[in-house]
Structures are given as C-alpha cells and as structure tokens.
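All heavy atoms count here, side chains included; hydrogens, waters and symmetry mates do not. No experiment lies behind these values; they were computed from the predicted model shown.
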Amino acid sequence: MRRKPLQANEWFPWILVYSLVVAAPVFIMLIGPRPEGRLFLRDLSVAVAFCAMSIIGLQFVLTARIPSLKRPFGSDVVYYFHHRISVVAVGLILLHILVLAIDDGATWRLLAFWSAPMRARFAVASLLCLVALVLGSISRKKLRIEYITWRITHGFLAIGAVAFAMTHMQLVGIYLGLPWKRILWAIYSALWIGALAYARIARPILMKLRPYEVRSIEPERGNAWTVRLSPIGHAGAKFAPGQFAWITVARSPFADLEHPFSYSSSASNPDAPAFTIKAVGDFTAQIPELDVGTRVYVDGPFGAFSVDRKPSASEFVFIAGGIGITPIMSMLRTMHDREDTRVIHLIYAARTLGEMTFREELEQLQQQLNLRLHLVPTVAVDDWEGLSGRVESTMLDKLLTQGCRGGDCEIYICGPPPMMDALEDTLVDMGVPLQRIHTERFNLA
Ligand SMILES: Cc1cc2nc3c(=O)[nH]c(=O)nc-3n(C[C@H](O)[C@H](O)[C@H](O)COP(=O)(O)OP(=O)(O)OC[C@H]3O[C@@H](n4cnc5c(N)ncnc54)[C@H](O)[C@@H]3O)c2cc1C
C-alpha cells in the first residue's frame, strides 16, 4: 500500500502531539534528583522503555475511532500506523532488555519467569502479551483465526500488556519516586483508560440512543444485498458520500460484533441510509435472512474516501472492482442529487457483466450525470464490444484523458487489495501524483 503525502496543516498538529506524548516521560525522567551511581546505559534502557510504554498506551487512543483524529488521515491510515507502530513498540521493549543485559549480563536470568522476582515476571508477562498481539495480527489470515475471535483476544492481550507493564514500572519504582512523576503516569493511565471507556462504553451508549431498523432488503447483482435503514426517533447521521460506518445487527451495541460497510446511498438523504453487502462469510451470508424491523446500530460515519474532500476538482476518475463499487455508488448518487456537472469516468471491473452490482442504475446514470462509464468484465465475453480483462496500464492509457494525469483530476479506487496495489503503482508510474490517488480498503484487519 502506498502512503500518500498529506497536507502539512492536517497532520502536523497530530504528529506533534503524538511525538510529545511519547517523548514526555523521558524529559520528565531527567528532571529532578536521579538515583545515585546510575550508569548511562541503565538510564538509556529506562528511557527506551518509557517511550515504548507511551506508544503502547496510545494505541488505545488510535483505535478508539475518535472522529477528529480519523478525519485528517482516514481510517486505513490510522490502522496502518497502529499496526506499524506496534512493531516499533515491541522493538523498543526488546532494546530495553538488550541494553540492560549489555550493562549487566545477569539481566537475562530475569526472563526465567518462575524464578524471577515479581517485578520481572510482570515485565515478561507484558512482553508475551505484546508478542502474541503482533504475531496474531500479522498471521491471523494464515492461521485462519476467525476475525471475531482474533478481535476479542486482541482486546484482552492489549489490556494485559499495558496493565502488566504499568505494574512492572511501579514495582521497579525507579524514576517514579517523586509524587508528580507518579501523577504524570496517572494522567497517562487515565488517558488510555478514558480512550478504552470511550470506545467500549460511551460509543455503544450513543449508538443505543440512536437506533435504526431494517426498512427493506433487496437483492443486487454480484451476490449482494442492499439493506435500507430507517432511524428510530432521530434524523439519522449526516455522512459524506464514500464514507463508511460500523454496523451491529440484531445485537446489543455492547456486544462488540460490528462490521464496517460503506454507505451506498446518497448523502443527500441521511435519514434513509443504505448499505450494499456482499455475502463472503458468516455475518454477511445472513443478511438476506434479516427481517424487516430488525434493530440495527450504526457507528459512523468514518473515512476520508470522498469527493467532498476535493471540492475544487474539475474531473473525477472512479475505479471499482467487485463490491468496491459501494462507496463510489454513494458518490455518484449524491452527485446526481446535487446536479453536479463535473466530468466523471467510472471504470468498473467484475468477473462478468452479470456480477456487476448496480449495473442497470450505472447505465442510467450515464444519461443523468456527465459520466463516462466503462464496464470491464475480467472474464472475456464473445459478443462484448467494450474493454475486458485486468485493468492495467494500457487500458488506463486509453481511458484517462490528459487532464486525469495532471490538472484538477482526483482518482478514487476501491476493490480487491491486489487490484488496488497494482493500480496505485501503475498510476504513479503513469505520472499521476500520489496525493491525487484516493483509496478505500475493505481489509482494515
Ligand atoms: C472500510 C470498509 C468498508 C467496507 N464496505 C463494504 C461494503 O460496502 N460492502 C461489503 O460487502 N463489504 C464491505 N466491507 C467488507 C466487510 O466489512 C467484510 O466483508 C465483512 O465484515 C465480512 O464479515 P463476515 O463475517 O461475513 O466474513 P468473514 O469471513 O468473517 O470475514 C472476511 C474478512 O472480512 C474482514 N472482517 C470480518 N469481520 C470484520 C469486522 N467485524 N470488522 C472488520 N473487518 C472484518 C476480515 O478481514 C476477514 O478476514 C468493508 C470493509 C471495510 C474495512
């Protein structure tokens, strides 16, 4: 996945705050009386561990779905950062142990769980939780661990890693002696617990207060169903076309059994949101069996994949693969409702024409929008006069106007991960600036 450069004014404040929170314990550690006879190496190892601890605690904030944090970056960037920085944190913890061992070879003995003193046992327990967290996330699909099982385990391991590490720090006690240093860590703990409480208690309460019910379920091409919702006792949540929400169906919002889906309906009607869902696994296969009137909870909107973030663009290119058409459909429907006359190119690839979700409506939209539609079956068909096969550079070369490579043209891609990776590379090789390429990935985890 390519990382696009963001506007400095969007990310700079967040990166600054993040860096300060990570580094603050090190600066504060250096203020005030230091333990006598401490060697540089031992101080260094503690400083490294403090930074790791801050990073690990901040993971709760990153995953709490705080809207103002997700807005500038988009959810996929926040999750990507969350994954990568966790590896950094484990690396820092290992460095902490290594530096201690360089200073004093006897440190290795502290890793022997049963014979080690209590303070070291908590450190080992925390490290084991962290390693399990990272390995579990990297190899979940290879190990065929069910998403929900992984997610619940992930939550417990994360809480364990932080709780054990904090206990280890308190038992070691070095650099925590002064009351105000203890206060600093108490504030940090409150921040992490606050983020956890927001995610696990406050947000579900908010969802419970603003329920929805299933109004209709309609079959679509491509083994998908459109689920239309009606808000109960409220006006619905405003969203930008292309965004997504986390949906909990027929369960309590506290059950933590939610799934992300892009809005497929027009953002002009927030009181009638719709999601189009392809059956791929346990949850999505049950969608056609839902009854009208079933209670649904919606947490959202989230995401930065929206034409609304580029109001000055004069031309848009949408590239969709399979069910990746949903956020793009929301953008097209919204642009239609807004009587938007800007030029739109849509390249929509699916295995066959018959599997192209919303095909008839897309063909109709050609008459109502300034839309150039290119349906691309990836399996060749004899009587098909349009393009077919994989969407790649020769095809894009034919379809993209000069304006799309430079100018005020924005490109939005949503489809299977291999298609998205290949297209990002191809477009960049064709000279399209990375900041004009926007992606929505359906595989956050
Ligand atoms: C931002 C975003 C927008 C999406 N929009 C759509 C859409 O409009 N239409 C659509 O059909 N699909 C969409 N998806 C994909 C959809 O969330 C998954 O297909 C669905 O959650 C699969 O659940 P399952 O139990 O049926 O399948 P499973 O076989 O259990 O899961 C298949 C894969 O889906 C992912 N997944 C499963 N459960 C979850 C979960 N609770 N949270 C996050 N990921 C999960 C995992 O990567 C898993 O390996 C979107 C995903 C994301 C991240």
Side-chain angles (χ1 to χ4, degrees), residues 3-35 38 40-96 99 123 126 130 133-134 158-159 161-170 172-199 202 302 304:
R3 293 281 112 233
K4 75 171 134 295
L6 297 158
Q7 300 290 322
N9 62 341
E10 289 181 316
W11 58 259
F12 185 73
W14 285 110
I15 301 290
L16 184 69
V17 170
Y18 186 88
S19 310
L20 285 176
V21 175
V22 169
V26 178
F27 294 117
I28 289 167
M29 164 188 153
L30 299 173
I31 302 171
R34 298 171 56 206
R38 292 277 293 178
F40 168 73
L41 276 183
R42 288 195 96 70
D43 280 353
L44 177 68
S45 87
V46 175
V48 165
F50 278 179
C51 287
M53 190 63 221
S54 310
I55 291 175
I56 296 163
L58 279 171
Q59 297 285 52
F60 291 114
V61 180
L62 290 181
T63 52
R65 293 190 211 147
I66 297 166
S68 51
L69 170 60
K70 298 230 156 171
R71 209 167 294 128
F73 300 99
S75 299
D76 56 346
V77 175
V78 174
Y79 280 104
Y80 181 82
F81 181 74
H82 166 72
H83 294 154
R84 294 297 153 116
I85 201 75
S86 61
V87 179
V88 173
V90 173
L92 288 176
I93 296 287
L94 295 175
L95 185 64
H96 164 65
V99 175
S126 173
L130 275 177
L133 269 176
V134 172
I159 294 170
V162 170
F164 293 144
M166 290 297 283
T167 314
H168 164 71
M169 282 167 56
Q170 294 297 333
V172 172
I174 296 176
Y175 294 113
L176 297 182
L178 295 178
W180 60 274
K181 291 192 181 184
R182 285 184 190 276
I183 290 172
L184 170 87
W185 283 105
I187 293 172
Y188 270 39
S189 309
L191 177 69
W192 305 331
I193 294 167
L196 201 60
Y198 170 73
F302 297 104

Working to the nearest 0.5 Å, report the span between [atom1] of [X] and [atom2] of [Y].
X    : Y    : atom1 : atom2 : value
W14  : F81  : CH2   : CZ    : 12.5 Å
L196 : L191 : CG    : CG    : 11.0 Å
L58  : M53  : CG    : CE    : 10.0 Å
I55  : L92  : CD1   : CG    : 5.0 Å
I93  : I56  : CD1   : CD1   : 4.5 Å
W192 : S54  : CH2   : OG    : 5.5 Å

Do H168 and S126 pass the side chain to side chain contact (heavy atoms under 4.5 Å, CB included) test, and can you show the C-alpha distance, the side-chain angles, and the key distance before you say yes or no? CA-CA 9 Å; H168 164 71; S126 173; over 6 Å; no
According to the interplanar angle, ranging from 0 to 90°, do the rings of H82 and Y79 count as parallel (below 30°), tilted (30 to 60°) or perpendicular (above 60°)? perpendicular
Y188 side chain to V21 backbone, donor-acceptor under 3.5 Å: yes
F60: which residues meet the ring-ring contact (aromatic ring centres under 6.0 Å, His included) condition with it, sequence neighbours left out? none
For a 4.5 angstrom cut-off between non-hydrogen side-chain atoms, does L133 reach L130? yes
Side chain to side chain contact (heavy atoms under 4.5 Å, CB included) for F50 and W185? Distances and angles first, verdict last. CA-CA 10 Å; F50 278 179; W185 283 105; 3.8 Å; yes
Looking only at heavy atoms, which two atoms of V78 and L62 are closest? And how far apart? CG1-O, 3.4 Å
